[in-house]
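Okay, structure first, notes after.
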Amino acid sequence: MNKFSTKKLLLCVIITIFTTCFLTTTLLIKDCFKINADYITTKNNFNYSIKNNVKVESIYDTLKSMKDSLDNNSELLKYNDKLKTIYGEEYPTELYLISKAHAESYSDLSNYIIKIYSNSILLGLTFGLIIYIIFIQKAKGKTLLLESIFSIGSIVLFIIISNMGYYLITSILIKNNSTTLLSTFSNSSSILYQVLLFFIIILVISFIINYIYQKYITHKLNSNLK
Amino acid sequence: LNFKILVNVSKKFTEPTISLNVPELNDEVSTIEKKLQNLINEKNQLIGTKDYDIYLIETKDIITVYSEDKYNYCKTKDGIFKLKEKLYFLEEILPRNEFIRISNSTIVNIKHIKCFNTSLIGKIIVKLKNGDEFNVSRSRTKDIMNLLKERKNNNE
């Protein structure tokens, strides 16, 4: 049995997470290029958007149909002069319903992608822990039992935390979008992107601060070396 | 503490002994004890192997000592030699003011350091005069800094 190493464990988990995410992305991208009309039957009218009348043969086809739905609706949602001559200056009920359906489809699409990736991360985390405990550390007996319990605990904790975050953001979205049409019409997953953007900004700032600090240390080391 | 150095020369001493007579044990005494221990342990030569031949290597000729695939090696201008000793032991026996441990797997000769640099990902790299580059552990930068400062003060 090898000595426990946090560095190796983290490396192992990160590699497996990257692998599962890579495979997921590859499958999704592959599906974007896959054209199989037999799988999908769509009705290109208003009912399609509202009822979401799609026959799905695989999870990837669902994604593609959602994208098609959004593309079709984007054109219909523009309240241009042509529509104004038909419906008048006031925003019509039909378009309100379409915009709502559009927002829902957009939200479904984002939720779907997030669901796929969170499952990939979860799968990567589980595989990483198993690979580390069994194949790298070669744990036996009491250590194996303890580490397995700890691993299961970590996975459960990860699921709880990710779900908490997800429901928190969803509740904010519902609260914000239920009042006005414009907020419903706008990109309903924008808060998710804002959270992601916030984390990316924090990462970039941390990286820059660390880089400057390391530069300062390097300068001090060089001045002491002379 | 003000230390007085006494040297007793007599034929009754069978082996050389250093003793510290102090009223109490404190950090200063411990540091001096450690330094004396390092000084006693220091070696000027190491035994290395290369192609099944055994060589006596002068420590001043060593550029780096590093571990690779569970074995330790030292690099000199004459080539790379395999060492029997463990890295933590080598760290103790090599002259402390000449060698610094920069990571878990590398010890370098200060005389052969060209400069320190920062990599694109924010890691400190040590560049040697022979062109070699090694990563410096974040946890060891403080020790390296102290040693270089100490060395600089001694030179001044």
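Both backbone and side-chain heavy atoms feed into the values below; hydrogens, waters and symmetry mates do not. Letters A, B, ... mirror the listed sequences (proteins, then strands); counts begin at 1.
- In B:Asp27, the CG atom is not crowded: 12 or fewer heavy atoms of neighbouring residues, nucleotides or ligands sit closer than 6.0 Å.
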Which side chain or backbone donor-acceptor pairs connect chain B with chain A at less than 3.5 Å?
| from | atom 1 | to | atom 2 | distance (Å) |
| --- | --- | --- | --- | --- |
| B:Phe116 | N | A:Asn222 | OD1 | 2.7 |
| B:Phe116 | O | A:Asn222 | ND2 | 2.9 |
| B:Thr118 | OG1 | A:Thr218 | OG1 | 2.9 |
| B:Arg138 | NH1 | A:Asn210 | OD1 | 2.9 |
| B:Lys152 | NZ | A:Ser223 | O | 3.2 |

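- A salt bridge (charged side-chain N to carboxylate O under 4.0 Å, His left out) check over residues 4-23 of chain B, counting only residues at least two apart or in different chains, returns nothing.
- Counting non-hydrogen atoms of other residues, nucleotides and ligands closer than 6.0 Å to CD1 of B:Ile54 gives a total of 12 or fewer.
- Partners of B:Tyr55 according to the ring pair (Phe, Tyr, Trp, His ring centres under 6.0 Å) rule, which considers only residues two or more places apart in sequence or in another chain, are B:Phe81.
- Atom CD1 of B:Ile47 sits in a sparse spot, with 12 or fewer heavy atoms from other residues, nucleotides or ligands closer than 6.0 Å.
- The shortest distance between side-chain heavy atoms of B:Val136 and A:Leu221 does not fall below 4.5 Å.
- Residues passing the ring pair (Phe, Tyr, Trp, His ring centres under 6.0 Å) test with A:Phe127: none are found, sequence neighbours excluded.
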